[in-house]
Visitor: 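Sharing a structure, written as structure tokens. Questions coming.
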Amino acid sequence: MREVSYVKALNEALSEEMARDESVFLIGEDLVELGGGSGATKGLAERFGTHRVRQTPLSEAAFVGLAVGAAMTGLRPVVEIMYVDFVTVCMDQIVNQAAKLRYMSGGQLTIPLVIRSQGGGGTSEAAQHSQSLEAWFAHTPGLKVVMPATAADAKGLLKSAIRDDNPVIFLEHKLLYATKGPAPREEYLIPLGQADVKRPGQDITLVATSFMVHKSLAAAEAVADKISVEVIDPRTLIPLDIDCINTSVQKTGRLLVVQEACTHGGFGSEIVRRVTEQCFGALKTAPRVLGGANLPMPFSHPLETACIPQEEKIIDQIERMVTDA
Amino acid sequence: MRIPEDTLREMLRLMYTIRAFECRARQLFEERRLRGSFMGALHSYEGEEAVAVGACIGLRPDDYILSTHRGHGHCIAKGVDVKFMMAELLGKETGISKGRGGSMHMFDPALGLLGGNGIVGGGIPLALGPAFSAQYRHTDQVTVCFFGDGAACQGNFHESLNLASLWKLPVIYICENNQYAVTTPVNESIAVANVADRAAGYGCPGEVVDGSDVLAVYRAVTEAVQRARGGAGPMLLECKTYRYQAHCMVIPDRRDPQELARWQKEHDPIRHFERYLLDQQIMDEAQQSKLNEQVHKTVEAAVTFAEASPLPHPSTVAEHLWAED
Ligand SMILES: Cc1ncc(C[n+]2csc(CCOP(=O)(O)OP(=O)(O)O)c2C)c(N)n1
Ligand SMILES: [Mg+2]
């Protein structure tokens with residue numbers, strides 16, 4: 001299979017969906033010349049016209065609101081928020097409007113909306129450009145939350161998100177855009193709510209999201225001669241494929257969740273809660289979350305590195321959990 | 001502008017309906033409060049009837065409106081049957097939003113009613129959406145967005161007016177300046193004499209309208225709608241008006257009683273319009289009071305319908321969140 005970058009995979013998904021369905025349009029900052037914050041929309045204005053690739057003023061509340069209202073009235077907007085950190089200025093439109101309008105209208109409104117954004121640290125951009133905020137959205141009933149870790153997943157999941165009739169928050173990672181992976185050139189869909197076993201194993205279940213999937217796979221490889229690690233990427237947090245995780249934990253008896261988001265109040269805790277409630281008898285040791293530091297992301301490289309789970313830490317955690325029991 | 005007599009009679013019927021509905025809703029609220037049960041927040045539109053009716057009567061069913069927390073008048077003026085509204089107030093399964101929304105969240109997309117809002121100003125960015133959608137789909141539908149003087153102080157007002165004007169979106173922003181936001185008078189919250197004056201800052205026309213004169217509102221909105229349908233972009237209208245009741249049922253009214261009496265005596269929208277219809281020999285007193293009686297019967301029938309309707313069953317609580325349910 002051909003190799004493609006994550007950002008190109010996103011671009012293909014957008015392009016295919018825009019070609020398939022005229023009601024799909026893109027809206028956000030600097031989408032035309034720059035291709036958005038990541039380059040994912042490059043070339044799309046030339047191909048589909050600026051009436052379908054809408055470059056906006058710096059007005060996130062207005063253009064997210066516009067997208068929600070357009071979704072209520074028959075269009076399928078794909079919004080880009082340059083950095084997920086900036087959702088704070090349009091959170092009302094996401095949390096109080098998009099997520100709730102269908103329910104509050106007794107099912108009369110349908111909001112087929114995708115909000116793409118990028119999260120994560122590792123580029124020394126400091127605390128307002130490095131957050132992983134998926135838990136905020138997962139904590140709001142009415143939003144689906146997607147976090148692809150590979151090019152193949154990015155393409156198949158974005159296409160499904162665009163076809164979904166609900167508001168979907170689609171969180172990319174800034175360190176993933178340039179990474180390459182195999183992905184079919186032709187059209188395919190990956191359903192929301194289906195986890196992927198990225199590496200099968202027997203001794204411990206490691207659930208990881210977004211960029212942490214890659215670090216976890218590297219850690220699993222590093223310990224492979226003594227410990228067999230099963231790495232699962234849920235790919236979507238809402239809906240969550242808890243069955244896949246439970247099945248794995250039933251087999252391994254151990255659960256480690258690795259997330260980049262700060263540890264407290266994070267989605268990893270939610271996975272631990274559900275596994276503990278449903279697989280308590282199978283657990284050989286206490287489930288753990290290895291997450292980011294509970295701090296604003298610092299600027300300086302060694303400090304930033306200290307705040308993000310690194311491969312050595314993941315290895316250390318795996319070893320302790322397997323030898324402890 | 002000549003207005004057909006049937007339209008004039010319909011305007012009076014709608015204004016009567018709003019006043020009777022609000023009056024009856026307050027009674028129900030009081031009765032329930034005495035019995036120790038809650039009916040949520042209730043924001044009366046009494047005194048402001050001319051704004052909703054003057055603005056909506058000339059709209060087509062496929063034109064959109066966005067309403068507010070004080071939205072019963074908008075719903076009635078856009079053509080919603082009061083029995084479904086009354087049932088919603090009582091939280092019944094037959095309510096317009098199936099009991100999921102309540103007073104502030106009434107929706108009827110088939111009539112172009114895209115909902116009230118519990119977030120003051122929340123509808124201002126949303127209104128860009130249906131307007132954009134009409135432009136995108138090349139229809140000539142317009143969107144009317146109601147908001148208060150308090151909402152005019154929200155930041156999203158600036159973003160939205162700028163974007164609407166920049167993209168020439170077919171949206172009419174109507175500020176219902178009823179002189180107060182809860183207890184805060186406009187001169188303590190708005191730095192210019194008229195909200196409409198701000199239009200100049202966005203490069204769109206603005207106009208101050210006597211909000212107690214239904215014909216003045218009708219004329220101003222009709223002109224704005226013609227502009228918008230013709231592709232000339234948005235307009236900001238400010239209707240000066242006054243609410244007769246306290247902000248909502250549970251907040252004491254500390255406004256000057258003489259101020260209220262003066263508005264009621266000099267600017268009551270219904271008395272004003274009744275006199276006009278008499279003077280023009282379109283409806284005499286007997287016809288007017290007959291119409292008012294009919295309206296009261298309709299509202300009473302709505303109460304009967306609402307009270308007889310079943311409450312939603314708790315087993316249905318999760319329905320209407322997701323599109324696939
Ligand atoms: C964002 C937000 N802030 C505060 C409130 C509480 N609140 C409800 S209505 C209201 C006053 C609104 O005033 P205005 O926009 O003038 O409308 P009016 O009530 O006068 O019709 C306030 C402060 C709210 N619902 N939403
Ligand atoms: Mg007010």
Side-chain angles (χ1 to χ4, degrees), chain A residues 22-25 27 51-52 54-77 89-113 141-144 163-168 192-193 238-239, chain B residues 64 66 88 93 95-102 104-110 112-119 121-137 141 143 154-164 166-167 169 171 312 318-325:
Chain A
E22 267 211 54
S23 65
V24 177
F25 73 97
I27 186 165
H51 71 293
R52 293 184 68 193
R54 304 301 298 237
Q55 180 161 318
T56 66
L58 274 106
S59 303
E60 283 84 358
F63 70 73
V64 172
L66 184 153
V68 178
M72 298 195 279
T73 51
L75 302 187
R76 304 187 88 86
V89 301
C90 54
M91 207 57 168
D92 175 58
Q93 291 298 318
I94 301 173
V95 171
N96 280 319
Q97 313 298 339
K100 295 178 174 52
L101 287 170
R102 181 178 182 83
Y103 189 77
M104 289 202 300
S105 69
Q108 293 183 86
L109 293 177
T110 302
I111 322 268
L113 167 74
L143 300 177
K144 294 190 176 180
R163 295 186 195 191
D164 200 282
D165 278 334
N166 301 283
V168 180
L192 307 188
I238 308 289
Chain B
Y64 300 109
L66 281 113
E88 188 63 30
E93 183 63 36
I96 187 158
S97 305
K98 302 198 173 67
R100 270 75 172 169
M104 291 186 277
H105 308 289
M106 300 202 185
F107 300 79
D108 194 337
L113 171 62
L114 299 180
N117 222 300
I119 306 300
I124 297 177
L126 283 179
L128 299 167
F132 175 87
S133 168
Q135 193 185 61
Y136 188 94
R137 291 182 279 109
Q141 293 158 285
T143 299
Q154 290 283 3
N156 63 24
F157 171 88
H158 163 68
E159 290 188 24
S160 302
L161 266 283
N162 179 59
L163 194 60
L166 186 72
W167 289 0
L169 298 178
V171 54
E319 286 174 14
H320 310 302
L321 181 62
W322 302 111
E324 46 273 23
D325 295 342

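Everything quoted here is computed from the prediction, not taken from an experiment. Lettering of chains follows the sequences in order, A, B, ..., and the numbering in each one begins at 1.
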Visitor: Can you name the nearest heavy-atom pair linking B/Trp167 to A/Arg54, along with the distance?
Guide: CD2-NH2, 3.3 Å
Visitor: Between B/Asp108, B/Leu126, B/Leu128, B/Asp325, who has the most heavy-atom pairs with chain A when the cutoff is under 4.5 Å?
Guide: B/Leu126
Visitor: Tell me, out of B/Gly101, B/Ser160, B/Gly102, B/Pro109, who's got the most heavy-atom pairs with chain A below 4.5 Å.
Guide: B/Pro109
Visitor: Please report the interatomic distance CG(A/Leu143) to CH2(B/Trp322), rounded to the nearest 0.5 Å.
Guide: 6.5 Å
Visitor: Are side-chain heavy atoms of B/Thr143 and A/Thr73 found at a separation under 4.5 Å?
Guide: no
Visitor: Of the listed residues (A/Thr110, A/Val89, A/Asp92), which shares the most heavy-atom pairs with chain B below a 4.5 Å separation?
Guide: A/Asp92
Visitor: Do A/Ile27 and B/Phe132 come close enough that some side-chain heavy atom pair is under 4.5 Å?
Guide: no
Visitor: Count the heavy-atom pairs under 4.5 Å between each of B/Pro125, B/Ala318, B/Ala131, B/Gly122 and chain A, then report the option with the highest count.
Guide: B/Pro125
Visitor: Does the A/Gln108 side chain pair with the main chain of B/Ile96, one donor and one acceptor, at a distance under 3.5 Å?
Guide: yes
Visitor: To the nearest 0.5 Å, how far apart are CD in A/Glu22 and OH in B/Tyr136?
Guide: 6.5 Å
Visitor: Only pairs of heavy atoms separated by less than 4.5 Å count here; which of B/Leu166, B/Leu66, B/Leu161, B/Asn117 has the most with chain A?
Guide: B/Asn117
Visitor: At a 4.5 Å cut-off on heavy atoms, which part of B/Glu319 comes close to chain A: side chain, backbone, both, or neither?
Guide: backbone
Visitor: Which bit of A/Ser23 is near chain B, if near means a heavy-atom gap under 4.5 Å: side chain, backbone, both or neither?
Guide: backbone
Visitor: Side chain, backbone, both or neither: which part of B/Leu163 has a non-hydrogen atom closer than 4.5 Å to chain A?
Guide: side chain
Visitor: Specify the closest pair of heavy atoms between A/Asp165 and B/Ala323, including all atoms of both residues, with the distance to one decimal.
Guide: CB-CB, 3.4 Å
Visitor: If I take atom CG from residue B/Leu321 and atom NZ from residue A/Lys100, how far apart are they, to the nearest 0.5 angstrom?
Guide: 9.5 Å
Visitor: Distance from A/Asn166 atom CG to B/Glu324 atom CD, nearest 0.5 Å?
Guide: 4.5 Å
Visitor: Relative to chain A, which segment of B/Tyr64 carries a heavy atom at a distance below 4.5 Å: side chain, backbone, both, or neither?
Guide: side chain
Visitor: Calculate, to the nearest 0.5 Å, the distance between atoms CD1 and CG belonging to B/Ile119 and A/Asn96 respectively.
Guide: 3.5 Å
Visitor: Pick from A/Ala61, A/Ser105, A/Pro77: which one has the most heavy-atom pairs with chain B under 4.5 Å?
Guide: A/Ser105
Visitor: Is there a side-chain contact (heavy atoms from CB on, under 4.5 Å) between A/Phe63 and B/Glu159? Walk through the geometry before answering.
Guide: CA-CA 9 Å; A/Phe63 70 73; B/Glu159 290 188 24; over 6 Å; no
